[in-house]
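I'd like to ask you about the structure that follows.
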Amino acid sequence: MKNRYFIPLLAASLLMTGCGASGSAKNTASYSRDIFAMDTYMSVRTYGGGETALDAAENRIKDLEAKLSVTIPDSDVSRINSGGGKPVEVSSDTLAIAKKAIEAGDLTGGALDVTAYPIVREWGFTTGNYKIPSADRLKELLPCVDYRRISIGDCSVALSADQQLDFGALAKGYTGDEVIAELRKNGADAAVISLGGNVQTFGKKPDGSPWKVAVRDPFSPEKDMCTIEIGEKAVITSGNYERCFTGEDGKNYWHIIDPADGFPADNGIVSATIIGDSGLTCDALSTAMFVKGLEGASELWRNDRSYDMILVTDDAKIYYTEGLIGVFTNTSDMPSEVISGD
Ligand code: FAD
Ligand code: MG
């Protein structure tokens, strides 16, 4: 589980108190809560807002879990999956995520495809009953994978009758955006949250200094490989060390699937971190960039540049986009190189 790694560094940066810098958190009293939801550990630390803000954040997380979980029978997602090809009325939250999933599918040439769920489940990544699917079974399931067959209505989502979806690749990013919104609404001046390793911040630390976030070393996940200093941002990572297993053939398999062949994506990336303004966008892109590989991901970034990214390749090199120059610190033994916009 990702978040165990983040807590020490976040805690260290949050323990820094004292005020004075203009524009920094006015209320230096901090409140924190650990929450287990969406099968992952989450932590919320807020300056101002107190227990009321934390209650609102926790309620929103539980509300979204009830709507978005593929394992809760009456969630929006479960009802979509058992809709038999008919439109299913869903909440505005589910609708927003479904729209983003289609947009990100288009943007990434189908590297993000939420209808890969039957294949993800076949590998056991949603149940923990890991196994390598047979070639015949994958051949049977692959034709169901096509996000372009998701239909969005005013208040509804429909799949083709043979399809199922899950929003595991982007729902925690959306949840982070919503948690931050709840904290703001309930009087917080600043906050930092970690939802299973997805870090999101708003406001400034009481001393006015930037938030410092560490990114895990995919080769030694108990260690950091770098830190970045950020303002109000989402920092979201997809790694091959999460939800992985060693098969009977001795090879390692992980939960990010290449929709092109139904196998764990193996295009040279072992960790992809996206840093940007929207948790939802960063989460969608973190999964997609992992699938795309270094070249494909760099090309996509050059066409947009509204976000930054840190990629680690399987030959132990770190690549980071030029927007991070000056705020990126390599704390590992791996060499690092800048991805330039040219
Ligand atoms: P990310 O890279 O952000 O996402 C990877 C996940 O996306 C995979 O696990 C898979 O589900 C999916 N995926 C893989 N490849 C692709 C692709 N190419 N395109 C699109 N999607 C892809 N897990 C449980 O075991 N039990 C639960 O009860 C449970 N409940 C959850 C409830 C909610 C609301 C959510 C959002 C998640 C839940 N999870 C549950 C899933 C768990 O937390 C996942 O590990 C998590 O969502 C994956 O996120 P990540 O940040 O590790 O990786
Ligand atoms: Mg993701």
Side-chain angles (χ1 to χ4, degrees), residues 1-3 5-6 36-42 60-73 75-78 93-94 97-98 100-102 104-105 107-130 142 145-147 150 164-176 178 194-199 216 218 221 234-244 253-267 269-274 276 278-292 309:
M1 307 257 171
K2 288 177 174 180
N3 71 321
Y5 162 80
F6 280 99
F36 186 80
M38 305 183 182
D39 198 46
T40 198
Y41 294 99
M42 304 182 169
R60 189 69 173 121
I61 290 169
K62 298 279 162 66
D63 168 50
L64 287 171
E65 180 172 33
K67 290 170 177 163
L68 302 172
S69 173
V70 80
T71 55
I72 295 177
S75 72
D76 285 355
V77 168
S78 295
D93 295 313
T94 303
I97 297 172
K100 186 68 182 188
I102 295 171
L107 179 75
T108 62
L112 186 93
D113 193 326
V114 292
T115 64
Y117 172 58
I119 294 183
V120 172
R121 190 182 49 199
E122 191 67 20
W123 282 90
F125 291 119
T126 49
T127 59
N129 297 323
Y130 299 131
L142 272 170
V145 181
D146 185 357
Y147 72 93
I150 304 172
Q164 294 202 324
L165 59 71
D166 95 292
F167 293 136
L170 68 175
K172 276 191 286 153
Y174 181 83
T175 304
E178 292 298 304
S194 170
L195 308 187
N198 288 359
V199 176
R216 219 163 153 173
V235 181
I236 296 189
T237 301
S238 290
N240 72 343
Y241 47 86
E242 295 289 343
R243 290 178 193 250
C244 52
Y253 296 97
W254 46 85
H255 68 139
I256 299 169
I257 298 295
D258 190 336
D261 62 9
F263 271 80
D266 197 11
N267 294 319
I269 300 285
V270 291
S271 163
T273 300
I274 309 294
S278 153
L280 177 59
T281 301
C282 291
D283 203 359
L285 287 177
S286 73
T287 312
M289 296 309 197
F290 189 105
V291 175
K292 299 285 295 178
M309 60 185 184

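As the structure lists them, so they are numbered: ligands from 1, and atoms in each ligand from 1. Numbers here simply count residues along the sequence, with the first being 1. A quick note: this is a predicted structure, and the numbers were derived from the prediction, not measured.
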* Asked: Heavy-atom distance under 4.5 Å between the side chains of I257 and E122, does that happen here?
  ->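 Answer no - side chains too far apart.
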* Quick one: look at T126 and ligand 1, take heavy-atom pairs under 4.0 Å, and tell me if it's side chain, backbone, both or neither. =>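 The answer is the backbone of T126.
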* To do: Using distance alone, decide if ligand 1 has a nitrogen or oxygen within less than 3.5 Å of any nitrogen or oxygen in S238.
  =>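 Indeed, backbone or side chain, S238 has an N or O that close.
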* Asked: Does any N or O in the side chain of Q164 come within less than 3.5 Å of the main-chain N or O of P118, such that one atom is a donor and the other an acceptor?
  ->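 No: the side chain of Q164 does not pair with the backbone of P118.
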* Asked: Hey, does T287 come in under 3.5 Å of ligand 1, counting only N/O atoms on both sides?
  ->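 Looking only at distances, the answer is yes, because the N/O contact criterion of under 3.5 Å is met.
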* Lys/Arg N to Asp/Glu carboxylate O, K100 vs D283, below 4.0 Å ->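 So K100 does not pair with D283 through a salt bridge.
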* Min side-chain heavy-atom separation E242-T237 under 4.5 Å ->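 With C-beta onward as the side chain, the pair stays apart.
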* Asked: Do you know which two heavy atoms are closest between S75 and L68, and how far apart they sit?
  ->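 Between these two residues, the closest heavy atoms are CB-N, 4.3 Å.
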* Can you find an N or O of M38 that's nearer than 3.5 Å to an N or O of ligand 1? ->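 M38 vs ligand 1: N/O contact under 3.5 Å present.
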* Among T127, V70, T126, find the one that has a side-chain contact (heavy atoms from CB on, under 4.5 Å) with V120. =>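 So, applying the side-chain contact (heavy atoms from CB on, under 4.5 Å) to V120 and each of T127, V70, T126, only T126 qualifies.
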* **Under 4.0 Å to a heavy atom of A171 - the qualifying atoms of ligand 1, by number** =>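 Close to A171: 36 (C).
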* If you count the atoms of ligand 1 from 1 in the order shown, which ones are under 4.0 Å from a heavy atom of K172? ->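 Those of ligand 1 that fall under 4.0 Å from K172 are 46 (C), 47 (O), 49 (O), 50 (P), 51 (O).
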* To do: Without swapping roles, check the side chain of N267 against the backbone of V291 for a donor-acceptor pair under 3.5 Å.
  =>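 Side chain of N267 to backbone of V291: a pair is present.
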* Closest to atom 49 (O) of ligand 1 among C282, G173, G168, G197 (heavy-atom distance) ->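 The residue whose heavy atom sits nearest atom 49 (O) of ligand 1 is G168.
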* Within-cut-off N or O pair, V114 and ligand 1, under 3.5 Å ->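 In this structure, V114 places no N or O atom under 3.5 Å from an N or O of ligand 1.
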* Heavy-atom contacts with D39 under 4.0 Å: which atoms of ligand 1 show up? List them by number with element. =>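 Close to D39: 23 (N), 24 (C), 25 (O), 26 (N), 27 (C), 29 (C), 40 (C).
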* Asked: For ligand 1, which atoms sit closer than 4.0 Å to a heavy atom of P259?
  ->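 Counting from 1, the qualifying ligand atoms are 18 (N).
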* Asked: Within less than 2.8 Å of the Mg ion (ligand 2), any N, O or S from S238?
  ->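 No.
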* Asked: Between T175 and I61, is there a donor-acceptor pair closer than 3.5 Å when you use the side chain of the first and the backbone of the second?
  ->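 Flag not set: sc T175 to bb I61 has no pair under 3.5 Å.
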* **Close N or O approach (L68, ligand 1; < 3.5 Å)** =>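 Between L68 and ligand 1, no N or O pair is found under 3.5 Å apart.
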* Asked: So, A169 and the Mg ion (ligand 2): N/O/S under 2.8 Å, yes or no?
  ->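 A169 does place an N, O or S atom closer than 2.8 Å to the Mg ion (ligand 2).
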* Atoms of ligand 1 less than 4.0 Å from D166 heavy atoms? ->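 Matching atoms, with element in brackets: 11 (O).
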* Which residues pass the side chain to side chain contact (heavy atoms under 4.5 Å, CB included) test with L107, sequence neighbours left out? ->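 With sequence neighbours excluded, L107 shows a side chain to side chain contact (heavy atoms under 4.5 Å, CB included) to L285, L300, given in chain and number order.
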* Asked: With a 4.0 Å heavy-atom cut-off (strictly under), which part of T71 contacts ligand 1: side chain, backbone, both or neither?
  ->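 Looking at T71 and ligand 1, just side chain atoms fall under 4.0 Å.
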* Below 3.5 angstrom, do we get any N/O pair linking F125 and ligand 1? ->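 Checking ligand 1 against F125, no N or O pair falls under 3.5 Å apart.
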* Would you tell me which option among N198, I257, D113 has the nearest heavy-atom contact to atom 20 (C) of ligand 1? =>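 Comparing heavy atoms across N198, I257, D113, the nearest one to atom 20 (C) of ligand 1 lies in D113.
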* Shortest heavy-atom approach to atom 52 (O) of ligand 1 - which of E65, H255, K67, R243 ->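 Result: the heavy atom closest to atom 52 (O) of ligand 1 is in H255.
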* **Rounded distance (nearest 0.5 Å) linking atom NZ of K292 with atom OG1 of T108** =>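 Going from the NZ atom of K292 to the OG1 atom of T108 covers 6.0 Å.
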* Does an N or O from D283, backbone or side chain, lie closer than 3.5 Å to an N or O of ligand 1? ->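 Yes, at least one N or O pair falls under 3.5 Å.
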* So among Y130, W254, Y253, which one has a ring pair (Phe, Tyr, Trp, His ring centres under 6.0 Å) with W123? ->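 With W123 as partner, ring pair (Phe, Tyr, Trp, His ring centres under 6.0 Å) holds for just one option, Y253.
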* To do: Describe, in one word, how the ring planes of F125 and H255 are oriented to each other, choosing from parallel (under 30°), tilted (30 to 60°) and perpendicular (over 60°).
  =>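 Rings of F125 and H255: perpendicular, over 60°.
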* Asked: Can a non-hydrogen atom of G239 be found less than 4.0 Å from any atom of ligand 1?
  ->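 No, G239 has no heavy atom closer than 4.0 Å to ligand 1.
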* To do: Pick one of side chain, backbone, both or neither for how A111 approaches ligand 1, counting any non-hydrogen atom pair under 4.0 Å.
  =>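 Answer for A111: backbone.
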* Location of contacts on A116 toward ligand 1, heavy atoms closer than 4.0 Å ->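 Within the 4.0 Å criterion, A116 makes no contact with ligand 1.
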* To do: To the nearest 0.5 Å, tell me how far I102 CD1 sits from I97 CD1.
  =>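 Here the interatomic distance stands at 12.5 Å.
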